[in-house]
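Here the structure is laid out as C-alpha cells; the discussion comes afterwards.
Heads up: numbering here begins at 1 and tracks the sequence. Just so you know, these numbers use all the heavy atoms, side chains as well, and skip hydrogens, waters and symmetry mates.
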Amino acid sequence: MAPELVEGKTVAVIMVGGPTKGTRFRPLSLNLAKPLFPIAGQPMVHHPILSCKKIPNLAHIYLIGFYEEREFSVYCSAISNELKIPVRYLKEEKAHGSAGGLLNFKDHLMEYFPENIIVLNCDVCCNFPLKEMLDAHKAHGGMGTLLVKKVSPDVASQFGELVADPKTGELLHYAEKPETFVSDHINCGVYIFTPDIFRAIEDVSTSRKDRALRRLNSFEALQSATKSIPTDFVRLDQDILTPLAGKKQLYTFETADFWEQIKTPGMSLRCSSLYLEEYRRTSPDLLAKGDNIIGDVFIHPSAKIHPSAKIGPNVSISANARIGPGSRLIGCIILDDVEIKDNAVVMHSIVGWKSTIGRWSRVQGGGDYNAKLGIAILGEDVCVEDEVVVVKCIVLPHKNLNQSVLEEIIL
C-alpha cells in the first residue's frame, strides 16, 4: 500500500562517511564509527539529529555512509524510540559522491513524497538553524538553499567559497577550495533541497554517459582514460552548486553563530566546548551543577565524581567514569569506564575508554585544537601509572606508560 500523500512533509539526510574517510580521527575511530564518538556527552551525529527533529512534519531521518549496518543498528533503534521518529541507516556499496549518494537512495528518500529534503554532513558543528533555513528556502522558491558563513580570508580557501547576491541571497558563483581567493563566505555543508535536486543530479549523470558514448579519436580516448569519472559519481559541490550558480535556482542563508568541522580529535574537543555552551540555551538540564563544578560541564548519571574533585570548564564525562579525590579536570573529554585516581590532573585532553590515570599523574595538551600534538589523546585501555606526566602526546590503545613523555606519538 502506497504511503499517504501529506502536504509539507520533510525528510532529512545526514552524510556520515565511512571508516576510510575518518583516518584523521584515529586512534579514537579505531573501534568506534566516528559519527558515534561522544561530543559534549552525546554521539556526534546526535546533535544534527536533534536539530532535524525540530522541523515540522519531519517524516524520516536517513543516515547514509559506508560503515557496516551493524555499527549503527543499536543507535538507530534507540534514537528512533527516544525521538518517536524513524531513523534509518542506509549503506552505500560503492562511492557515488555526495550528490550521487542521494540519487542512489532516491526511492527511500521519496517514499513519503516530501516537499523538502534536508541534507547535511555529520562532521559539522553548529546550531543548525534548520527551521529558519526552511522558511527562507520556501520564500526564495528555488531548488536549494545552503547555509553559509563569513570567515577570515586566510582560512576561506580550506572550504567551498561562494558569492551571493547581497539583496536576494541568490548563489551567483561557487568554487570548491579555490587556489586563488574568491570570497570570505563559505559553504557550511548544510542544505535544503526540493525533489528537483534529483533531476539535476540525473542530468549530470546522463551528460557523462552521453560523452562516454561519443566517438573519440585516439588522443581524446587516452586523455579520457586518465581523467574519467564514473557516470554515477556526482559531487554536490563541483557538479551541482558550481554549474547551477547564477541561474536563480540556488540561494544562501547566512549564519553568524558558531560553525566548525570535526575532522580531528583536537576539533572534537573544541566542538565539545561549543556544544556545552549551547546547552546553556537549549538544554540547561544537561549541565552539571555543584560547588566543585566550574563553567559548562556534562556528567553522565552513572559517573562517580568525588566531592573534592574540581571539574571544568568545558569537560564532558561519559558513562561509568570514576573521578577520584583531589583530581582536577579542565577542557577534556573523559570516555566510558575511565578511572582518574587521587590528585591527578587532566587538561586539554581526550582520555579513551577503560583508561586509567594514576595518582598524582598529569595528562595535558597545549590547547591548540588545530595542531597535530595540540592536545593529549589516550586511546582505549591506556594506563598512565602513578606520578607520570604525559604532555602533548598521542598514545595508541592498550599501552602502559610508566615514565613521563613529551610530544611523542606512542605506537
Side-chain angles (χ1 to χ4, degrees), residues 10-39 42-53 58-80 82-83 85-111 114 117-126 128 130 147 160 187-193 197-198 201 205 229-230 232-240 260-265 267-268 271:
T10 298
V11 297
V13 177
I14 302 175
M15 300 293 193
V16 299
T20 59
K21 299 287 185 181
T23 54
R24 283 183 285 176
F25 211 72
R26 294 173 181 168
L28 300 175
S29 58
L30 290 174
N31 297 314
L32 178 74
K34 176 185 168 183
L36 299 180
F37 182 81
I39 309 284
Q42 306 285 355
M44 186 186 299
V45 72
H46 199 80
H47 299 282
I49 284 177
L50 289 183
S51 296
C52 290
K53 175 66 169 66
L58 183 70
H60 210 118
I61 299 173
Y62 297 95
L63 313 182
I64 295 180
F66 298 96
Y67 294 98
E68 294 299 326
E69 292 184 18
R70 65 177 182 275
E71 299 193 59
F72 283 90
S73 58
V74 173
Y75 175 75
C76 287
S77 176
I79 193 66
S80 296
E82 178 185 333
L83 300 183
I85 190 163
V87 179
R88 181 178 179 184
Y89 176 70
L90 301 173
K91 182 180 183 292
E92 286 195 85
E93 297 302 330
K94 71 170 190 172
H96 293 92
S98 48
L102 297 177
L103 184 60
N104 185 48
F105 292 111
K106 178 182 176 181
D107 290 346
H108 291 290
L109 304 186
M110 291 302 298
E111 181 181 358
I117 303 165
I118 297 169
V119 179
L120 53 90
N121 294 312
C122 175
D123 60 1
V124 165
C125 168
C126 68
F128 299 103
L130 298 178
L147 186 68
N187 174 12
C188 292
V190 179
Y191 313 89
I192 300 178
F193 295 111
I197 186 64
F198 293 116
I201 301 169
S205 184
I229 298 175
D232 60 351
F233 187 89
V234 184
R235 301 158 297 187
L236 205 46
D237 34 33
Q238 294 102 315
D239 299 325
I240 301 296
E260 297 285 357
Q261 274 189 313
I262 314 173
K263 296 296 187 185
T264 63
M267 285 311 299
S268 74
C271 293

Any donor-acceptor N/O pair, Lys34 side chain to Asp123 backbone, under 3.5 Å: no
So which heavy atom on Asp239 is nearest to which on Arg235, and how close? OD2-N, 2.8 Å
Roughly how far apart are Leu120 CG and Cys52 SG, rounded to 0.5 Å? 5.0 Å
Any side-chain heavy atom of Ile61 sitting closer than 4.5 Å to one from Ile118? no
Taken to the nearest 0.5 Å, the spacing of Phe72 CZ from Ile79 CD1 works out to 13.0 Å
Where is the tightest heavy-atom contact between Arg88 and Cys76, given as atom of each residue plus distance? C-SG, 4.4 Å
To the nearest 0.5 Å, tell me how far Leu130 CG sits from Ile192 CD1. 6.0 Å
Determine whether Phe37 and Pro43 make a side-chain contact, defined as any pair of heavy atoms from C-beta on separated by less than 4.5 Å. no
Return the NZ to CZ distance between Lys91 and Phe66, rounded to the nearest 0.5 Å. 8.5 Å
Hey, does Leu63 have a side-chain heavy atom less than 4.5 Å from the side chain of Pro35? no
With sequence neighbours left out, what residues match Glu260 under salt bridge (Lys or Arg N to Asp or Glu O under 4.0 Å)? Arg270
Partners passing side-chain hydrogen bond (donor to acceptor under 3.5 Å, both in side chains) against His47 (at least two apart in sequence or in another chain): none
Phe198: what forms a ring-ring contact (aromatic ring centres under 6.0 Å, His included) with it, not counting sequence neighbours? none
If every non-hydrogen atom of Leu28 is compared with every non-hydrogen atom of Pro265, which pair is closest and at what distance? CD1-CB, 3.7 Å
Minimum heavy-atom separation for Leu32 and Pro38, please, with both atom names. CD2-CD, 4.4 Å
Indicate yes or no: at least one non-hydrogen side-chain atom of Tyr75 is less than 4.5 angstrom from one of His46. yes
Taking Tyr89 for its side chain and Arg70 for its backbone only, find out whether a donor-acceptor pair lies under 3.5 Å. no
Between Phe233 and Ala95, what is the shortest heavy-atom contact and its length? CD1-O, 3.6 Å
Heavy-atom pair with the smallest gap, counting every atom of Gly189 and Val124: O-CG2, 4.4 Å
Out of curiosity, Ile262 CD1 to Phe25 CZ, how far, rounded to the nearest 0.5 Å? 7.0 Å
Flag side-chain contact, heavy atom, 4.5 Å: Val119 against Leu102: yes
Residue pair Ile201 / Phe193, side-chain heavy-atom distance below 4.5 Å: no
Please report the interatomic distance CD1(Ile240) to CD1(Ile197), rounded to the nearest 0.5 Å. 5.0 Å
Ring centres of Tyr62 and Phe105 under 6.0 Å apart? no
Look only at the side chain of Ser80 and the backbone of Val87, and say whether a donor-acceptor pair between them is shorter than 3.5 Å. yes
